**Q** 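One structure is given below, represented as structure tokens, and several questions about it will come after.
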Amino acid sequence: MTRIPTMAENQHNPAPRVWLETYGCQMNVADSQLVTAVLRRAGYTPAARPDDADVILLNTCAIREHAEERVLRRLGELARFKRTRPALRLGLLGCMAQHNRAALIEKAPWLDLVAGPDAYRRLPEMLGAQSFDPAVDVRLNRAETYGDIAPEYACGVRAYVTAMRGCDKFCAFCVVPYVRGRERSVAPEDILREARQLAERGVREIVLLGQTVNAYRHGATDFAALLSALARVDGVERIRFTSPHPADMTAGLVATMAAEPKIQPYLHLPAQSGSNRILAAMDRGYTVEAYLELVARLRAAIPELALSTDIIVGFHGETDEDFRATVGLMRTVGYDSAFTFKYSVREHTRAFRLGDSVSEAEKSRRLAEVIALQEAISLERYRALIGREFPVLVEGPARRGAGRLAGKTPQFKTAIFPGRPEIAPGATVRVRVESATAHSLICALA
Ligand code: SAH
Ligand code: SF4
Ligand code: F3S
């Protein structure tokens with residue numbers, strides 16, 4: 001197997017080019033920016049297309065079977081590059097690398113590298129290794145936070161900054177604790193340094209990331225203290241975080257959100273189910289009553305709060321009655337938006353051995369119902385804002401152009417409004433809502 005020469009050996013040749021594709025959640029997007037920084041330091045440079053890359057890496061997700069199938073298909077496609085360019089190195093990173101390990105190498109024997117989420121520091125070494133066998137590193141390391149490595153942010157006015165890694169909750173359905181390892185928090189000084197540098201580069205909004213981001217704790221600094229410290233960074237105008245776990249929404253955190261104007265009035269608060277029986281089987285650590293009580297406390301403290309959620313339909317043992325309870329919860333809360341998923345059995349999880357009692361057809365039916373319900377609720381909630389004014393952080397041209405600009409309201413709703421030459425990304429403008437769909441607000445400048 002040929003290997004890519006290191007920079008030292010290869011001063012006259014151009015730097016090896018890397019094509020990196022990212023699947024899965026925001027944490028993976030943030031990790032890809034970290035990987036780009038690690039590889040840049042080792043002399044690699046990003047490729048413009050997979051066709052002219054020396055290294056192709058896929059940063060993958062294992063959350064549902066569907067996510068893994070997609071990556072396996074893509075790997076099959078990329079294998080053809082290897083046939084025409086044997087020197088190309090093909091690697092799999094991220095959660096699926098961790099989840100499947102050896103099985104992956106059997107399914108895709110042309111892989112040169114398999115690296116789990118705690119192995120990114122060693123990527124240059126792994127890529128440089130001259131060996132017939134693929135380089136595999138799926139050791140989890142409960143101390144690894146990559147706190148000293150500045151990711152290469154591909155950001156405009158908003159940047160996603162990792163605050164904590166891993167998860168200790170072990171919800172029965174979820175693979176994350178197995179593929180990301182134990183919970184660990186990035187030191188506050190590392191996060192604040194990143195934030196200051198980002199603000200100097202024009203970033204106005206910081207989104208702190210973690211699978212249970214509000215479980216953040218580093219020494220004496222809890223999540224509320226971290227948010228307060230971040231709010232004191234000049235240039236950072238808006239602060240958000242995702243995803244908080246309902247069981248970790250302390251009174252102190254709610255009070256900090258209410259008191260600190262930079263913390264935006266929007267929370268993604270995954271409920272998963274509206275049935276206590278299913279919540280217990282999922283090991284979520286709260287009841288529907290506790291969840292609703294939390295929603296009430298949040299809304300009392302932050303009257304303008306917008307809420308979104310994650311819902312799983314068809315978890316093992318979910319009866320029609322349980323499902324109706326979920327529909328009931330969605331109606332009761334009236335979420336601004338929701339991400340809805342069919343339950344997917346995952347190897348290694350506690351629910352794996354329970355089984356999968358709800359048929360695929362029934363899961364599809366339940367999913368279609370919650371999607372339609374949420375569309376109707378979203379449309380109603382968005383339309384209720386017609387006539388209201390909001391400050392919008394300008395991001396850039398709207399996707400469906402025509403000279404219009406787009407940005408987010410404090411509640412993280414997309415606002416579309418007419419452009420003017422003096423309005424640049426990073427500015428905050430006041431808009432008035434004129435009409436609405438279930439996903440965006442069409443506005444005039446106020
Ligand atoms: N840490 C977050 C969720 C991370 S995963 C939290 O605790 O809420 C994002 C979402 O994927 C989850 O909220 C859940 O709704 C969904 N999900 C996770 N595992 C799943 C599975 N096995 N099948 C279907 N959906 C799943
Ligand atoms: Fe998965 Fe639960 Fe951890 Fe969220 S809190 S990542 S759903 S185990
Ligand atoms: Fe997927 Fe890993 Fe995120 S499993 S959802 S990419 S933490």
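In what follows, every heavy atom counts, from backbone to side chain, and hydrogens, waters and symmetry copies are set aside. These numbers come from a predicted model, not from an experiment. All ligand and atom numbering here is 1-based and tracks the order in the structure.
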**Q** I'd like to know whether ligand 1 has K342 as a neighbour, heavy-atom separation below 4.0 Å.
**A** yes
**Q** Does ligand 1 have any atom sitting under 4.0 Å from a heavy atom of I63?
**A** yes
**Q** Using the side-chain hydrogen bond (donor to acceptor under 3.5 Å, both in side chains) rule, collect all pairs that involve residues 246-258, keeping only residues at least two apart or in two chains.
**A** K169-D248
**Q** How close does the nearest protein non-hydrogen atom get to atom 7 (S) of ligand 2, and which residue and atom is it?
**A** R284 NH1, 3.6 Å
**Q** Going by the angle between their ring planes, with limits at 30° and 60°, are Y146 and Y120 parallel, tilted or perpendicular?
**A** parallel
**Q** Taking the basic N atoms (NZ, or NE/NH1/NH2) and the acidic carboxylate oxygens, is any pair closer than 4.0 Å for R324 and E369?
**A** yes
**Q** Could an N or O of ligand 1 be found under 3.5 Å from any N or O of S243, whether backbone or side chain?
**A** no
**Q** Looking only at heavy atoms of R284, does any of them come nearer than 4.0 Å to an atom of ligand 1?
**A** yes
**Q** Consider every N or O of T212 and every N or O of ligand 1, then say whether any pair is closer than 3.5 Å.
**A** no
**Q** Between R85 and D52, does any NZ, NE, NH1 or NH2 come within less than 4.0 Å of an OD or OE carboxylate oxygen?
**A** no
**Q** Looking only at protein heavy atoms, which one is nearest to atom 4 (C) of ligand 1, and how far off is it?
**A** Q211 OE1, 3.1 Å
**Q** I'd like to know if D356 pairs up with K342 as an ion pair, taking the criterion as any Lys NZ or Arg NE/NH1/NH2 lying under 4.0 Å from an Asp or Glu carboxylate oxygen.
**A** no
**Q** Around atom 3 (Fe) of ligand 3, how many protein N, O or S atoms are closer than 2.8 Å?
**A** 1
**Q** Could you tell me the residue and atom name of the protein heavy atom closest to atom 20 (C) of ligand 1, and the distance to it rounded to 0.1 Å?
**A** F173 CD1, 3.7 Å
**Q** Let's test this: below 2.8 Å, count the protein N/O/S atoms around atom 1 (Fe) of ligand 2.
**A** 1
**Q** Please determine whether a side-chain nitrogen of the Lys or Arg among K262 and E237 lies less than 4.0 Å from a carboxylate oxygen of the Asp or Glu.
**A** no
**Q** Please check if any side-chain donor atom of S308 sits under 3.5 Å from a side-chain acceptor atom of H268, or the reverse.
**A** yes
**Q** Any carboxylate oxygen within less than 4.0 angstrom of a Lys/Arg side-chain nitrogen, looking at E205 and R240?
**A** yes
**Q** Please work out which of the three classes, parallel, tilted or perpendicular, describes the rings of F170 and Y178, given edges at 30° and 60°.
**A** perpendicular
**Q** Go through ligand 2 atom by atom and flag the ones less than 4.0 Å from a non-hydrogen atom of H245.
**A** 5 (S)
**Q** Check contact between I312 and ligand 1, using heavy atoms of the residue and a distance below 4.0 angstrom.
**A** yes
**Q** Just to confirm my output: which protein heavy-atom neighbour is closest to atom 4 (S) of ligand 3, and how far is it?
**A** A62 N, 3.3 Å
**Q** Would you call the rings of Y286 and Y291 parallel, tilted or perpendicular, where under 30° means parallel and over 60° means perpendicular?
**A** tilted
**Q** Show me, pair by pair, the donor-acceptor contacts under 3.5 angstrom made by side chains of residues 20-28, not counting sequence neighbours?
**A**
residue : atom : partner : partner atom : Å
E21     : OE1  : Y23     : OH           : 2.7
E21     : OE1  : R74     : NE           : 3.0
E21     : OE2  : W19     : NE1          : 2.8
E21     : OE2  : R74     : NE           : 3.2
E21     : OE2  : R74     : NH2          : 2.6
T22     : OG1  : S32     : OG           : 2.7
N28     : OD1  : R180    : NH2          : 2.5
N28     : ND2  : Y23     : O            : 2.8
N28     : ND2  : T60     : O            : 2.9

